[in-house]
Amino acid sequence: MNAGYDIAIIGGGPVGAALALALRGSKLRICVLEARPANAASADARALALSYGSRLLLNRLGVWNSLRDVSPIHTIHISQKQSFGRAVLHAEELNVPELGYVIPYPALQDALTDALQHTLSPNLSPARGRGKRDSAEEGSGKLQYITGASVTHLQGETDHAVIGYQQDGAKHTLNTRLAVVADGGKLLAQQFPPKVRDYGQSALITHITCSSPQAKTAFERFTPQGPLALLPFKEGYELVWTAPHQAAQEMLAWDDAKFLHELHQHFGDRVGEFLTVSKRTCFPLGLRRAPQQTPMPHVVLLGNAAQTLHPVAGQGFNMGLRDAWELSQAILDAKAEELGSEAMLAAYRADRRTDRDAGIRFTDSLVRLFSNDLPLISTGRAAALTALDCLPFVKKFVAKRMMFGANG
Ligand SMILES: Cc1cc2nc3c(=O)[nH]c(=O)nc-3n(C[C@H](O)[C@H](O)[C@H](O)COP(=O)(O)OP(=O)(O)OC[C@H]3O[C@@H](n4cnc5c(N)ncnc54)[C@H](O)[C@@H]3O)c2cc1C
């Protein structure tokens with residue numbers, strides 16, 4: 001078989017682009033197929049909390065210093081509504097310069113895409129606004145970034161995978177030794193349904209300002225309705241307010257004054273009065289776990305396509321980035337004849353299992369244990385928060401897990 005490519009990455013989102021960057025400089029023939037058109041900036045409204053571990057990985061990918069609009073998190077304050085018990089984590093207790101960083105999704109996406117484009121042609125500037133099919137030769141390898149390319153078909157064969165995609169209404173097909181599905185989880189969902197836990201919650205996200213912002217401090221407040229997070233960003237906070245779907249839809253429709261008042265009632269006084277609120281957007285939330293076993297030969301799932309988590313612990317992208325890094329190492333270590341083989345993919349999955357399972361369990365437990373008002377559970381939660389606050393080894397264990405994952 002003439003494979004065409006060694007690696008084809010379906011989806012040039014933050015995780016797919018990170019994988020492509022981790023593989024640059026190799027001798028592999030790689031393509032990234034991204035559905036968004038070449039000039040389209042990402043309009044995604046969410047902000048992401050990046051862990052300190054992700055900073056280290058983005059630094060290795062050569063992207064960290066080019067990120068714009070990054071706000072550091074130095075302190076995390078965790079509490080629950082209508083109950084005692086709280087925990088505060090400080091960066092210096094954990095011997096790191098910052099616990100994490102807040103960045104808008106489009107800023108992260110742009111930096112990764114620009115780095116990819118820069119790889120394609122270091123002399124071209126500005127990086128965006130270029131052609132639909134850009135490529136670079138590296139060593140004897142080749143990297144192609146194909147935009148406006150919506151993948152519609154994927155089939156695993158004995159020694160390769162076949163990808164069908166549409167670009168400008170025309171159909172194309174390519175073969176690859178390994179197809180990496182990093183599309184966020186839609187392409188294979190019907191054929192190989194993921195395990196889904198519907199939390200019945202949506203996340204309302206927006207930017208707010210307040211009268212007494214606390215510099216570099218993030219707040220996570222658990223309420224019976226669902227968790228609420230304030231992530232420090234610029235002069236205010238990125239708000240992630242989870243609530244049952246119907247309630248979240250109603251919150252979208254409130255006028256600004258009512259929204260700010262209700263937020264104050266819900267969150268309390270820790271940052272003073274809420275002053276302004278920007279455009280509000282809602283995301284339905286759930287846990288989606290794709291089957292562990294690669295559903296087809298020569299195919300692997302990455303990032304949200306492999307697992308989609310509730311944002312309560314800010315783990316989704318951080319885990320996807322670790323997926324991308326570990327997969328890049330497995331690819332670079334593989335002998336030519338092993339690339340995309342079941343043995344190679346089984347070893348990769350085994351390496352990722354502990355981190356993936358622990359991240360899923362941690363996030364899922366937080367949502368389920370902290371989103372109710374049963375008195376006994378509330379007392380247990382208060383005790384858990386107090387233990388987290390008072391016992392340094394517990395604090396270090398939890399913070400290390402959140403920053404570096406279970407393999408870190
Ligand atoms: C409200 C909210 C808050 C969050 N907060 C955090 C946080 O604080 N920290 C954190 O770590 N994570 C957070 N997450 C999770 C994080 O957003 C995801 O884990 C991350 O975006 C996953 O990246 P990805 O590249 O796997 O998928 P995506 O971001 O979904 O990107 C997929 C890419 O594939 C492309 N694509 C899709 N279909 C096709 C196709 N058929 N053909 C070609 N291309 C295709 C898309 O255009 C897109 O570019 C949050 C999520 C939500 C909803």
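Whatever order the structure lists ligands and atoms in, that order sets their numbers, starting from 1.
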Before accepting this row, confirm whether a basic side-chain N of the pair [X]/[Y] lies closer than 4.0 Å to the acidic partner's carboxylate O.
X	Y	answer
D6	K27	no
R322	D351	no
R361	D357	no

Quick one: which ligand 1 atoms are inside 4.0 Å of a heavy atom on [X]?
X	result
S150	42 (N)
R36	49 (O)
G13	25 (O), 31 (O), 33 (C), 49 (O)
G314	7 (C), 8 (O), 9 (N), 10 (C), 11 (O)

Reported CG-to-OH distance for the pair L187 and Y165, which is rounded to 0.5 angstrom: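 One finds 14.5 Å between CG of L187 and OH of Y165.
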
- request: If the plane angle is over 60° it's perpendicular, under 30° parallel, otherwise tilted; pick one for F219 and H77.
  value: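 Correct class here is tilted.
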
Which bit of [X] gets closer than 4.0 Å to ligand 1, counting heavy atoms only: side chain, backbone, both or neither?
X	result
M319	neither
A182	backbone
A47	backbone

Do [X] and [Y] have side-chain N/O donor and acceptor atoms under 3.5 Å apart?
X	Y	answer
E98	H74	no
H266	Q225	yes
D323	Q307	yes

Indicate yes or no: does an N/O atom of [X] lie under 3.5 Å from an N/O atom of ligand 1?
X	result
V151	yes
G12	no
E34	yes

Check whether any side-chain N or O of [X] sits under 3.5 Å from a backbone N or O of [Y] as a donor-acceptor pair, and report yes or no.
X	Y	value
D168	A170	no
Q109	G12	yes
T242	A203	no

Among F317, Y101, Y105, closest by any non-hydrogen atom to atom 29 (O) of ligand 1: Y105

Is the shortest distance from a heavy atom of [X] to ligand 1 less than 4.0 Å?
X	value
N318	yes
A149	yes
G320	no
L33	yes

Which residue supplies the protein heavy atom nearest to [atom], what is that atom called, and how far is it?
atom	answer
atom 27 (O) of ligand 1	G184 CA, 3.7 Å
atom 20 (C) of ligand 1	N304 OD1, 4.0 Å
atom 3 (C) of ligand 1	P311 CB, 3.5 Å
atom 37 (C) of ligand 1	D183 O, 3.3 Å
atom 45 (C) of ligand 1	A35 CB, 3.7 Å
atom 51 (C) of ligand 1	R46 NH1, 3.5 Å
atom 7 (C) of ligand 1	A49 N, 3.3 Å
atom 14 (N) of ligand 1	L48 CD2, 3.8 Å

- request: State which residues pass ring pair (Phe, Tyr, Trp, His ring centres under 6.0 Å) with Y199; sequence neighbours excluded, sorted by chain then number.
  value: H310

query: With a cut-off of 6.0 Å (strictly less than), are more than 12 heavy atoms of other residues, nucleotides or ligands near CD of Q265?
result: yes

